[in-house]
Every structure is written in structure tokens, then in C-alpha cells.
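Here is the structure we will look at.
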Amino acid sequence: MPERPSLDGLEAKWGAVWEREGTYRFDRSAPREHIYSIDTPPPTVSGSLHVGHVFSYTHTDTIARYQRMRGKHVFYPMGWDDNGLPTERRVQNYYGVRCDPSVPYNPNFQPPVGGGADANQQPVAVSRPNFVELCLTLTQSDEQAFEALWRTLGLSVDWSTTYTTIGRQAQRVSQRSFLGLLARGLAYQLEAPTLWDVDFQTAVAQAELEDRERPGAMHRVRFTPADGADGNGAGERGASGEGASGEGADGAGADGAGADGAGADGAGADGAGADADARERPQALIETTRPELIAACVALLAHPEDERHRALVGTDVFTPLFGTRVPVLTHAHVERDKGTGLVMVCTFGDLTDVTWWRELGLPVRAVLGTDGRLLEVPWGTPGWESRDVQRARASYDELAGRTINQARKRIVELLSDSGELVGEPQPVNRAVKFFEKGDRPVEIVTSRQWFIRTLEHRDALIARGRELRWHPPYMRARFEDWVNGLNGDWCISRQRFFGVPFPVWYPIDAGGAVLYDQPITPTLDALPVDPSTDVPDGYQPQQRGQPGGFLGDPDVMDTWATSSLTPQIVGGASTDAELLKKVFPMDLRPQAHDIIRTWLFTTVLRSQLDHDELPWANVAISGWVLDPDRKKMSKSKGNVVTPMHLLEEHGADAARYWAASGRPGTDTAFDVKQMKDGRRLAVKLLNASKFALAELPAPGSSLEHPLDRALIVRLAEVVAQATDSFEGYDYARALERTERFFWWYCDYYVELVKGRRYDPDPRVSASASLALRTSLSAFQRLFAPFLPFVCEEVWSWWQEGSVHRAPWPDAGELAALGRGGEELVLEVTADVLREVRKAKSDARQPMRAPVRSVLVGDGAERLDALRLAQDDLLLAGSIERLELREDGEFSVHVELGALG
RNA sequence: GGGCGCGUAGCUCAGUGGGAGAGCGCUCGCUUCACACGCGAGAGGUCGCAGGUUCGAAACCCGCCGCGCCCACCA
């Protein structure tokens, strides 16, 4: 035991011992019922860890350590999420490169000197294999830095079980699961409208969207009713949606072209005519924030019971500028009080457009390219008919090739010039959907993508969510809300490079057409495969891309499509069936609440589809770390606190104390003061241990003194509370209960027994020494999940082996040991001591100042209890005489000063 | 618009049917032999507002206000 115990250097000292001794090594020979397995979240390695990670990973670690002390063999791996877009973006910026799959592989490639330092420098195009190599290089160095931080923090991870989401095992598991889904018809590909990020040029999933407020403008635009539109036709044609689209529009196109010549002379005349007509003819005014999509308009919609538009419904109108004939239909989702009550359906402005387009069987008129610019469009050909092809062409030439924003600006000018814009655009703020990692709003474009069937499993997923034990329980509502709000199957393909490839090829027929509906799959033992370099069985490499040959699927899977399989990846699915059986389904998934709709949801889905059971029994949801102004810490806000210097300044135990004080699921403000409290607690534990262990109780001694027995009884209750809290995954409550009692113990119990403990007669001191050792043994173990370093240190002073493998204190054993102890003894004695201290403090006297006499008035029962410990009270208060008087009310009269 | 959570001392928060609490901060005092990274004492609150249930409400119920998050809408 050191002369002056210190916290300095404990992280390095015990970190090395734990590694050498394999303290946290998983023992796979243990039977399943003795195993506790944790589906650790793999942190994204692109970027750095921040205090939010320290926060939530500490929560998990306290659970892991508790379970280990309860005798469980804890399977606690660590993963790194290096797969996906964040890594690509980081590599692009770090090295100043971009991936171009058409560039051939260069085995001697060196990244550009200086990397992305010069922002004006054009990124260097590199081949896909070179790009992937750069991704791997950079993520490996990140992963080392992360591991160093976790070790300093004292996570009791088994560092021999790590994985990466781009690693071979992850790829194998991911591809194998995909092929299984494909074989069972649960994965399918479809050419369909898809959420699309125009900068990354990839499909994105519903779960990856977020709203951002953006200024926009509302434009009121006039469509021109077609000839013969009046109130008469409305009733008959309004009811049937489909009839109005296909052939109807086609026929009208020819008509319109002829009729046009007359009306198209001058915009002025047109406008005037429309105004004049308005009195007898219905108006076709719509409001839109996206006028650039007018060329993609396929219908106008009104609410079925909206009287204002009754005359128009069932007729056709012409789009402004382009003169495309579109039907006016009804749909129940149209809101009457929004805008004019008449809405334009485009292919596609938003997800509502997709719904309407699908439900009403409307045609597609796509104007938006995957690069976010307006496409060239063949006016006058089928699907692109106009009553004035020349005007349509002339107008559209002003837009083609422009970005969305440029096109919007220009078309507003055109509409204004033609008189088809009514009034001025009105500025509005509206929420726009963004890819959470993107910089421009997501668009919807039609493309071929892979999907996993999700909607049809909704009920089963809700049921699984109810089976799962949520900590805290109310978090389940977020899961159910999400599942109930799903509006499409899960799109898992991404047009990116650093990810798990789809393990399929497609035959190319003799005519050169790719047969996407006849995918060629590899055998399972060939996994993982990369179809962009590997060749399917029965083909030669030179047949790639040739008629009669094959083509590899160019896409990679979404990150979540792989990380939704983390339990199977760490559990050794497909390579280690024996391990899988021991750890899967897992006991615990710890994660933050913001990824319930992604990671949690997709993991439950995959486990449901592949195993028809839950992937884990419990999920523990942690909150976020907020900055002192209660804003979420995020890189973009620049309010992130990096953790390494915090650990160095305050110590790992102190940082863990702060983290473990944050209750499950609750967002917690970052607070250095709490770390200082943690450090105080750790120092206190050092010193209290030093005091308690200084004297050995005489052999064969027992807890004879009533105060000592009372202490042990009370300790047993605290152990029971801490244990219950941990069993309910409430580590914060366990810490709070333990800590509160510990400080009380130091301030009252230890002070009360000090005199007796110092008595030279071992028969007098034995009981106190034994109680001190017994209680410190419990405290050291109760605090071990929270303060692993200092607890290991103080444990090592007097015990063999690691405290982290010692058994968790047993409340029943302690209760038996203190049997007959009356808690009232502790309570009354402490009450009197407090009054004596108060008297000394009021008199500005030191605490060791002598007290001539103390007169205590109290009820008989309490006085009896006090008598049992009055020897300790006299010594602790330097009291020379104690008088007890039976009274209805507790009172203490203190007379300071020594006897004359 | 729907859902979830939160609102208690200056700050961070615990308390969930019967005394309004802890730590920090603040004030005063104490070199006390485990610890000055300490010890003792003190000041400080109409427990968001309003109603109800109850002998009794910070806690349970209803409504409202405020804050946060999630979802939907976003023409």
C-alpha cells in the first residue's frame, strides 16, 4: 500500500495488466446460460470520437463489468464502421482524389502530395481498386487511434474480437444474407422512383433523410383549360382516374397542335382571352414551390368534394409554356385549404407525387437527371406532345442542362413574360428533405435499385418490438412510430464504391441487352466476391461487357445493409456455427436513440427475415451529450469536445463517473464539474481504503459492536438497491445509491469508529477493523464498474486477482453477517454527532475541541439505541460526559469546554 | 397535425402518495493522527400554471403553457 496513494498513471498501469492477464478475454467454452453477449455499436471511423462516444460506451461498459462480476462470461467485441460514404468523402478530401471506375488499376499508385490541402486543385481521378486501397489505409490508422482511446477509457472489451464493416467476414455475412433473401424473393430489384442525392449521385433510403428549413417561394401559375371544358363533363369523367391519362392525352395532342396556331400569336392576347373566359370558364390556377418541374407535370388534382374545382375535374388543361395536355383528377389526400386547392403532380417533385402517380396510374415525364440538371427532352415525340411544339422547345431550351436552382429562376422569368405567372412569387420557409450527409435537397429519379421487402413484415416487426425489453421502456414508441410510418420497401443499393458489392452478375444476350431479371449468383463458399473484378462460373474474364457475356452489378450495399447484421458478423455466422449458437441471439444491443429507425430497425428486420427471431433480448438506449447550452454536439456546429485531453486532465475514472451519471436514454449536458466530482470520489476511495486496510482485524474476530452490525445491515440494503438497478439496466441509479451511501459512510460511520479502531487493545478494535474491511470490500466492488482503475488499484493492495473478476457483493450474505444489527443505532448516533458538530462550528471551534457535556433528550427507543454506541460517540465528539433524558422530542444540548 | 420525453435551490440533477433533497457554486469556520483533490456548519425553493382524486399531491388524473426529440405534412 503506497504512503500517499495517487490516481496518476493508473490507466497505463492497469491497462497493461489487463491486457497481459487477459482479464476481459471471452471464454467460449462456457455454456450459453453463463454467457452475456453484447452487440457493440461499431463507431464510424471517419472523423474522430467525441465525448458523446465516451458517454454512451461507458454506459455499456458498466453493464458489461457488472455482468462479468455476476459470473457471466461476457462476449464484448468492438467493431469499426469503416464502410460507406463517410469514409469515401474523407478519403476524397484527405488525399484530393475522386473515384472513377473507368480508370485502370495502378499498382504503383501514390496519393497526390499535399492531398486536399489546396482547395483549388482539381481532384485526381483514380481507379476503383486504388480508391478502395486508400480507404483501407486511412481507416486502419483511424481504427488504431480509436482503440487507444477506448483502452485509455478502460472499456472491458475483448480486443481479440474486433471486426470492421468492410472486412472479409462482414462482406461474407452480408453477401450471404443477401443471396438468401434473393433466393426467397425477399430481395428484389426494381426500376422505380427512388430518393436520390444529386451530389453523391446515389440512391438513399427513407431512413437517411432529415428535414432542413430552407427559404423558397410560392408561385401561382395558370394552366389553360382545353377547349370544350365546362361544367357538363365533370360529373362523368371525374370519377375515373385512369381513363383520363393514357390515350385521352394522346389524342388531344394532335388536336391541340392544330388548334394552336390561332391562340399562340401573342402572349398578350392569350392572357386577355383567359381573363375574359374566366367569367364563364373555370380557372386552373395552381400554387407550387417547384415551377421548374412544370414540364414534368402529368396531372392536376383537386379534392373530390371541392366545389370550386368541380367544373374542371374530368377535363384536360394545358401546361403553361409547354402546352402539354394533362387531366384534372381528384384524390382524397388533396388539401382544400392549401393554395388554390388545385395541385400539380410532377414526376417527381416529392414523395406525395410518387403516391399520386402510382395510385392514379399516371405516365412518367422525367425532366430531372441524376446529376441534378434538367435533361434534354424530345418535344413532339410520344409522351412529349404539345399543342405548340415550337414554343415548348423554345421554352425548354432555356432550362435544359441547367441545375434545379438555375432552371427555377429562369422559368419564373419565362412564366412572368408569358403572363402565366399570377402575381409575384411569395417567399416561404419550408422544410425540405435532405440526405443527412448531403448538401442539396434529395430529388426523386427513376432508376434500377435493389430493395428488401419491408412493408409486408410490418406487423411482425411491431410484434418483435413488443417482445424486446427496452431500457428505458418508452423508447419503444419511437420504433413503432417508425414502423407504422414506413411508406416503401428498403432501398439497399448505392451507386458508390467503398462498400460491400452486390454478389451478382447479369448475362448479356447476343444483342447486347443486359438481362437484369436473370442474375447470376456465386456459390456460398466463394464469398465474398466483387463482381467488378471476379468472374462468374462458366464465363471468361474477357467476356465482361460483351454480347453473350456478363456484367457485374456495379453497385454496393448501403452501410446499414451490412451493419444490420452485426450480431451475425461478430457471432461468426457462416464460419463459426458453434460460436454463433453461444452468443446469438445476443443479450444486449446498446445504442443511441437517433439510430432506432436505422440500425435498430434494420437489425430487427434482418434477424426476422433470416432467423425469425429477435437479434437480442434487451436494448439499452443512451442519450446524447449536449453542450453546456443544451445544443446537440456535432462537428458542423463546432461545439465538439475531444475526449483524449479530458481523459488526460481528469483521469478516465472521472470521465466515466460523469458519463455514468447520465441516466439511460436521457440527453445530458457536458459538465466538467461532474468529472471533478468523479475525481474526488476516486481519491476518497483511495484514502478510505488506505485507512480501512491499515489494521488487520485479529484472527477469528467477529462483528460484535452494535454500530458495526448496523452498518453492515445498511450496506446490505445498498447492495440490494445497486443490484436491482443494474438488473434494470439503470447503471446511473446504481452509482447514485452507492455513492450517496459511501459519502455518508465516510463522514459519519468512519468518524464514529475511528477512536475504537485506534484502541491498542485488539479485542476492542477487532470488530471495527472487520467492519471497515467488509464494507470497503463491498464498496470497491460496487464502484468497480464505474471506476475500474482506482478500484483495481485499491483491490490490489489486499486481494489476489482482478476486482473485475471478483464476485459482485451479495446482499443476502451481508445481511446475514450483520444479523441483529439495528439501523436505528446508526441513525440516532449520527443525529447526535451532527448536533455536536454544529455547536462547535457555531462557536468557531475546531472539531476536536473538547465538550464538557452533552444532554440528549429523545424517546426511549432511540435512547436505547444510542446507548449501544455511546462509546463511539464520546470518542468521535471529544465528549467528556453524556446525559440521556427521556423526552417526546429530539433535542441536544451541548456545553463546550474541558472539565475544570 | 400525431407521438415520446422533460419542467424541483443560481447551475447539473435525484426524489414518484405522508419530513422538499444531493453535488457544484456561494457564505462562515476548522492544518482533524485515511484524505486541504480534505472536514464541519449555513444561506438559498409558491417542486411550470390551473383544476381534480385523496384525510394527505412535487409525485396520481385532466387541461394549459414552455423546452427538447421523433414522425407526418411541406402543392
Side-chain angles (χ1 to χ4, degrees), chain A residues 1 4-7 210-211 213-214 216 218-221 286-290 293 300-301 333-335 338-346 349-353 356 428-433 472 474-482 484-487 593-594 596-597 623-624 626 628 630-632 650-651 654 658 661-663 665-674 676-694 732-733 736-737 739-740 743-744 746-747 750-751 754 757-758 772 833-834 836-849 878:
Chain A
M1 195 191 307
R4 277 194 66 85
S6 160
L7 298 177
E210 65 183 27
D211 287 346
E213 281 286 326
R214 284 293 179 273
M218 191 64 77
H219 309 80
R220 186 166 280 224
V221 178
I286 60 112
E287 285 196 351
T288 181
T289 57
R290 306 217 45 191
L293 295 178
L300 299 189
L301 297 184
H333 286 180
V334 177
E335 291 188 35
K338 243 181 201 157
T340 61
L342 202 56
V343 58
M344 160 174 91
V345 182
C346 302
D350 61 25
L351 289 170
T352 317
D353 279 346
W356 287 332
V428 289
N429 258 325
R430 69 235 167 81
V432 185
K433 292 254 182 269
Y474 62 79
M475 285 293 176
R476 195 191 75 203
R478 299 203 183 189
F479 175 81
E480 292 199 1
D481 282 358
W482 174 252
N484 285 325
L486 285 171
N487 57 27
H593 53 63
D594 56 331
I596 288 176
R597 65 176 182 168
W624 281 335
L626 310 175
R630 302 206 66 82
K631 296 275 178 283
K632 188 197 173 187
H650 302 283
W658 158 75
S661 302
R663 307 199 83 84
T666 306
D667 295 347
T668 302
F670 176 69
D671 190 359
V672 173
K673 284 186 296 190
Q674 288 233 28
K676 295 191 167 141
D677 290 347
R679 193 171 174 86
R680 285 177 62 232
L681 176 62
V683 169
K684 194 76 174 173
L685 192 59
L686 280 178
N687 288 309
S689 297
K690 182 184 162 199
F691 173 75
L693 303 177
R733 187 185 171 94
E736 192 258 337
R737 293 299 144 99
E739 188 197 3
R740 198 199 316 169
W743 283 104
W744 181 91
C746 289
D747 293 342
V750 172
E751 292 302 325
K754 238 178 206 174
R757 221 301 286 282
Y758 280 126
L772 285 167
L833 180 60
R834 186 180 305 111
V836 173
R837 284 171 168 173
K838 182 168 155 51
K840 292 180 180 177
S841 190
D842 288 348
R844 311 280 192 253
Q845 296 282 318
M847 286 303 124
R848 52 153 190 206
S878 309

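Numbered from 1 within each chain, the chains take letters A, B, ... in sequence-line order. Keep in mind that the numbers below use all heavy atoms, side chains included, and drop hydrogens, waters and symmetry copies.
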Which heavy-atom pair separates [X] from [Y] by the least distance, and what is that distance?
X        : Y        : result
A:Gly662 : A:Thr668 : CA-OG1, 3.6 Å
A:Ile596 : A:Met475 : CD1-O, 4.1 Å
A:Asp353 : A:Val345 : OD1-CA, 3.8 Å
A:Cys746 : A:Val750 : O-CB, 3.6 Å

Rounded to the nearest angstrom, tell me the gap between atom [atom1] in [X] and atom [atom2] in [N].
X        : N     : atom1 : atom2 : answer
A:Arg476 : B:C70 : CZ    : P     : 20 Å
A:Tyr474 : B:U16 : OH    : P     : 16 Å
A:Gln674 : B:C24 : CD    : P     : 11 Å
A:Asp677 : B:C11 : CG    : P     : 17 Å
A:Arg214 : B:C73 : CZ    : C1'   : 18 Å
A:Lys840 : B:G29 : NZ    : P     : 19 Å
A:Arg663 : B:G68 : CZ    : P     : 23 Å
A:Lys673 : B:G25 : NZ    : P     : 8 Å

Exercise. On RNA chain B, nearest-nucleotide positions of A:Arg844 versus A:Glu335: which is more 5'?
Worked result: A:Arg844
Exercise. Quick one: on RNA chain B, does A:Asp842 or A:Ser689 contact a more 5' nucleotide (nearest heavy atom)?
Worked result: A:Ser689
Roughly how far apart are [X] [atom1] and [Y] [atom2], rounded to 0.5 Å?
X        : Y        : atom1 : atom2 : answer
A:Asn484 : A:Phe479 : CG    : CZ    : 9.5 Å
A:Leu300 : A:Leu342 : CG    : CG    : 5.0 Å
A:Met847 : A:Lys840 : CE    : NZ    : 6.5 Å
A:Lys433 : A:Asp350 : NZ    : CG    : 9.5 Å

Between [N] and [M], how far apart are the two [atom1] atoms, rounded to whole Å?
N     : M     : atom1 : result
B:G51 : B:C64 : P     : 16 Å
B:G5  : B:G42 : P     : 39 Å
B:A58 : B:A72 : C1'   : 35 Å
B:A9  : B:G15 : C1'   : 14 Å
B:G66 : B:C30 : C1'   : 46 Å
B:G56 : B:G10 : P     : 30 Å
B:G19 : B:C35 : C1'   : 33 Å
B:U54 : B:G17 : C1'   : 9 Å

Exercise. When we call it a touch if two heavy atoms are under 4.0 Å apart, what does A:Val750 touch: a base, just sugar-phosphate, or nothing?
Worked result: base
For this session: Have a look at A:Trp744 and say if it touches a base, only the backbone sugar-phosphate, or nothing, with a 4.0 Å heavy-atom cut-off.
Result: nothing
Is there any protein nitrogen or oxygen under 3.5 Å from a nitrogen or oxygen in nucleotides 36-40 of chain B, and what are the pairs?
{"from": "B:G38", "atom 1": "OP1", "to": "A:Arg680", "atom 2": "NE", "distance (Å)": "3.1"}
{"from": "B:G38", "atom 1": "O3'", "to": "A:Lys684", "atom 2": "NZ", "distance (Å)": "3.2"}
{"from": "B:C39", "atom 1": "OP1", "to": "A:Lys684", "atom 2": "NZ", "distance (Å)": "2.6"}
{"from": "B:G40", "atom 1": "OP1", "to": "A:Asp747", "atom 2": "OD1", "distance (Å)": "3.4"}
{"from": "B:G40", "atom 1": "N2", "to": "A:Ser841", "atom 2": "OG", "distance (Å)": "2.9"}
{"from": "B:G40", "atom 1": "N3", "to": "A:Ser841", "atom 2": "OG", "distance (Å)": "3.4"}

For this session: Verify the contact: side-chain N or O of A:Arg848 to OP1 or OP2 of B:U32, cut-off strictly under 4.0 Å; return yes or no.
Result: yes
Exercise. Taking only N and O in the side chain of A:Thr352, is any of them less than 4.0 Å away from OP1 or OP2 of B:C74?
Worked result: yes
Exercise. Out of B:C69, B:C35, B:U12, which has the shortest distance to the side chain of A:Lys754?
Worked result: B:C35
For this session: Tell me which nucleotide among B:A14, B:C69, B:C11 gets nearest to the side chain of A:Glu736.
Result: B:A14
Problem set entry | No-H, no-angle donor-acceptor pair, A:Asp211 side chain to B:C73 base, under 3.5 Å | yes
Exercise. So what's the dot-bracket for RNA chain B: Watson-Crick or G-U pairs under 3.5 Å, [ ] if a pair crosses, | if it pairs off-strand?
Worked result: ((((((((.[[[[.)..(..]]]].(((((.......))))).....[[.[[..)....]].]])))))))....
Exercise. Taking NZ, NE, NH1 and NH2 as the nitrogens, is one of them in A:Lys673 or A:Asp677 under 4.0 Å from a carboxylate oxygen of the other?
Worked result: no
Exercise. Ion pair present between A:Glu751 and A:Lys754, side-chain N to carboxylate O less than 4.0 angstrom?
Worked result: yes
Exercise. Hey, what's the ring geometry for A:Phe670 with A:Trp658, parallel, tilted or perpendicular (30° and 60° as the breaks)?
Worked result: perpendicular
